Structures are given as C-alpha cells and as structure tokens.
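Reckoned from all heavy atoms, side chains included, excluding hydrogens, waters and symmetry mates. In this text, all values refer to a predicted model and were calculated from it rather than measured experimentally.
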Amino acid sequence: MSELKGLLGATEIREIAARIGVTPTKKLGQNFVVDANVCRKIVSVADVSPNDIVVEIGPGLGSLSLAIIESAKHLLAVEIDSRLAAELPQTFDRHEVATDAFTIINQDALAVDELPMQPDVLVANLPYNISVPVLLHFFERFPTLRSGVVMVQSEVADRLAAVPGSKSYGSPSVKATWWMQMSAAGGVARSIFWPVPNVDSSLVKFVRHEPAGDEALRLRTFEIIDAAFAQRRKMLRAALSGMFGGSSQASAVIESAGIDPTLRGEALLLPDFIKIAEASHS
Ligand code: SAM
C-alpha cells in the first residue's frame, strides 16, 4: 500500500502515449481508462486489502495499476506490449511508487504459467479479444486467487455471469463456475475510455469456492460442456452422441447420471455436467 501522488488523468495518459509513440491498437484491445474515479471504484469492488498481492492483466499506461498499488501490498502487472511495459516504471516513479511495490512482467498473459509471487486477487480491464480464455487460464493456473474483478465487454460480462436457460448462458458461464462464483457488478460509461469503444463494458466480480473435483474430473467435465454447447440447439443425447459412440449410448450415460437426455446443455448447471462426466467413467 503506497501514498501516491495522484492517479493518471486523461491529459497525462495521452501525453505518455504520444511521447512513447503508442497509438492504441484494436489488435491488442487497447482502450485505456482515463477516469481515476472508475479505477478506484474497480479496486474497491474487488475488495483489495493492504496485504494482498494483486495480479493485473494488461496494465497498459498504468491507470488501473496505480489505483491497485494504492490499496495493495504488491502489483504483478502482465503486459504483452513491450513499449508499455518499459514505460510503466517511469510512470510509477513520477507518482512516487516504491520500486518494491510492483513487478512488471512483459509477456503474453495467455502464456504465463508462473508468477514471482502467489497472487491473492486479480483485477483487470481485459483486452477484449482474449478476455474469456485469459480469465479461465488464470483461474486454473493460480489457485491462490481468492477473488477479483474484471472489466469486459457487456456481452462477455453477461456470458460470464449468466444463469441456465438465458440466451447468454454458454460454455464460459459453466466453466468459470468450476473455480469461482461469478456475479455481475454493473456497467461503465463508454466515455471513460480512450479511444471510446463502440460497445458497452461492464464489471464482473468473482469469489473462489471449494474445488468441485480433481483435475482429471475437470478435464472430462469440460469436454462434455464443450460438446453440449458446440450444438446448443440439440438435445443432450444428440449433442453428446459423437463422444459416446451413438445417441442411445449417450442417453444411457446421461440417464445413469440422473439427467433427462432430452434436455439441452443450456438447461444444466455445472454439477449436472459433473454427474455426466462421473457416469461416463463408472
Ligand atoms: N489496464 C489498462 C487500462 O485500464 O487503461 C489497459 C487496458 S486495455 C483494455 C488492455 C491491455 O492489455 C493493453 O495494455 C494491451 O496491450 C494488453 N494486452 C493485450 N493482449 C495481451 C496479452 N495477451 N497479454 C498481456 N497483455 C495484453
């Protein structure tokens, strides 16, 4: 936790970008937050405490990072863009951040399997093109993560926090609940970003719960989830027929799990998929 010299404002953000020659790119989902109040709000929704090690995916120019450092013990910031990663220490220095309060990791977050410290909390304004895979990757790789908040496109937020039967409910909704309890935490105005995106964004909060089973069970369960949602308009017995060698074999497995094989995947919760995975190996 540091006493900082303010957070980043819109003028400073544009000034840094211009000085280091960065034009935000769509390819890397670069929409920077230019509103310090929103950054503080995100960190407060994430329940960051002074002893927490926080990992941030895509710190960019550092707006959210400074708000995290203000409340946490240490920030682990994973940034793929080398120009941004190289500039962050200078920005932090200007805001009087102690050098032992952060670690910059210049890597593709999807390829990060280890961190120099075990993270407690994840906070990020995620790059839109990898938001779901990178989030699930971090849930899986870092079991010390207790909770967090991410800002994503509203459509993705709806999917991550969806309940069975809703249009948004799909494989990310179910998979995320293997590790975390997911909940919607409100929308944000488009005007807080530079450049202003042409879609809405929302916050999603998550809190870890007891693991539903071991890694072998998770992998089997995820295979079934993928098959069920690959053909989401089909009944389970048809959607899983390829996996089980025919529709009647699939029906038998699904029924032995106590589930109606004429249901669609979109009607099932994670525990139902787990029962099918267990039945398929008994
Ligand atoms: N946190 C900053 C903010 O809120 O202003 C920037 C958020 S911006 C939506 C996404 C950031 O993620 C950019 O800085 C981008 O360079 C970075 N990024 C994109 N793909 C990445 C990846 N695969 N691994 C790590 N960072 C990535």
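- Summarising the geometry, atom CZ belonging to F206 is positioned 10.0 Å from atom OG belonging to S183; distances are rounded to the nearest 0.5 Å.
- Side-chain atoms of S154 and S202 form a donor-acceptor pair, as typed in the model, at a separation below 3.5 Å.
- A donor-acceptor pair under 3.5 Å links the side-chain atoms of T144 to the main chain of P119, judged by distance alone.
- Under the side-chain contact (heavy atoms from CB on, under 4.5 Å) rule, K205 has a single partner from V150, V45, L160, which is V45.
- Nearest heavy-atom pair, L75 versus S65, reported as atom, atom and distance to 0.1 Å: CD2-CB, 3.6 Å.
- Here the options are F138, F222, F142, the test is ring pair (Phe, Tyr, Trp, His ring centres under 6.0 Å), and the partner is W179; only F222 passes.
- Side-chain atoms of E56 never come within 3.5 Å of backbone atoms of V123 as a donor-acceptor pair (strictly under, hydrogens ignored).
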The test is side-chain contact (heavy atoms from CB on, under 4.5 Å); show your working for F193 and N125 and say whether it passes. CA-CA 11 Å; F193 297 101; N125 169 17; 3.8 Å; yes
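- A salt bridge is defined here as a Lys NZ or Arg NE, NH1 or NH2 lying under 4.0 Å from an Asp or Glu carboxylate O, and E215 with R218 meets this definition.
- One distance of note links CD1 of I276 with CD of E223; it measures 13.0 Å at 0.5 Å rounding.
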Y128 vs V152, side-chain contact (heavy atoms from CB on, under 4.5 Å): CA-CA, chis, key distance, verdict: CA-CA 6 Å; Y128 77 98; V152 289; over 6 Å; no
Under the side-chain contact (heavy atoms from CB on, under 4.5 Å) rule, what do V174 and T221 come out as? Steps first, then yes or no, please. CA-CA 10 Å; V174 195; T221 306; over 6 Å; no
Give the intermediate values and the outcome of side-chain contact (heavy atoms from CB on, under 4.5 Å) for residues L8 and H95. CA-CA 9 Å; L8 289 184; H95 286 260; 3.5 Å; yes
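- Proximity of a side-chain donor or acceptor of D120 to a complementary backbone N or O of I53 within less than 3.5 Å is detected.
- If you take CD1 on I254 and OG on S241, they are separated by 9.0 Å, rounding to the nearest 0.5 Å.
- Nearest heavy-atom pair across Q107 and V112 is OE1-CG2, 3.4 Å.
- Remark: E87 does not engage R83 in a salt bridge, criterion side-chain N to carboxylate O under 4.0 Å.
- Between I16 and V22 there is no side-chain heavy-atom pair separated by less than 4.5 Å.
- Between F229 and F273, the ring planes are tilted. Angles from 30° to 60° get that label.
- Look at R146 and D47 and you find no salt bridge, because none of the NZ, NE, NH1 or NH2 atoms lies under 4.0 Å from a carboxylate O.
- In this structure, D272 CG and D260 CG are separated by 11.0 Å, a value rounded to the nearest 0.5 Å.
- Between the CD atom in Q231 and the CG atom in L240 there is a gap of 9.0 Å [rounded to 0.5 Å].
- In this structure, CG in L84 is found 8.5 Å from CG in L28, a value given to the nearest 0.5 Å.
- The two residues T262 and R237 make their nearest non-hydrogen contact at CG2-NH1, 3.5 Å.
- Annotation for R208 and L145: closest pair NE-O, 2.6 Å, computed over non-hydrogen atoms.
- Closest approach of S166 to R232, counting heavy atoms only: O-NH2, 4.0 Å.
- Proximity of a side-chain donor or acceptor of N31 to a complementary backbone N or O of P195 within less than 3.5 Å is detected.
- At a threshold of 4.0 Å, the pair E266-R233 counts as salt-bridged, since one of the basic side-chain nitrogens sits closer than that to a carboxylate oxygen.
- None of D100, D52, T103 except one satisfies the side chain to side chain donor-acceptor pair (under 3.5 Å) rule with H74; the exception is T103.
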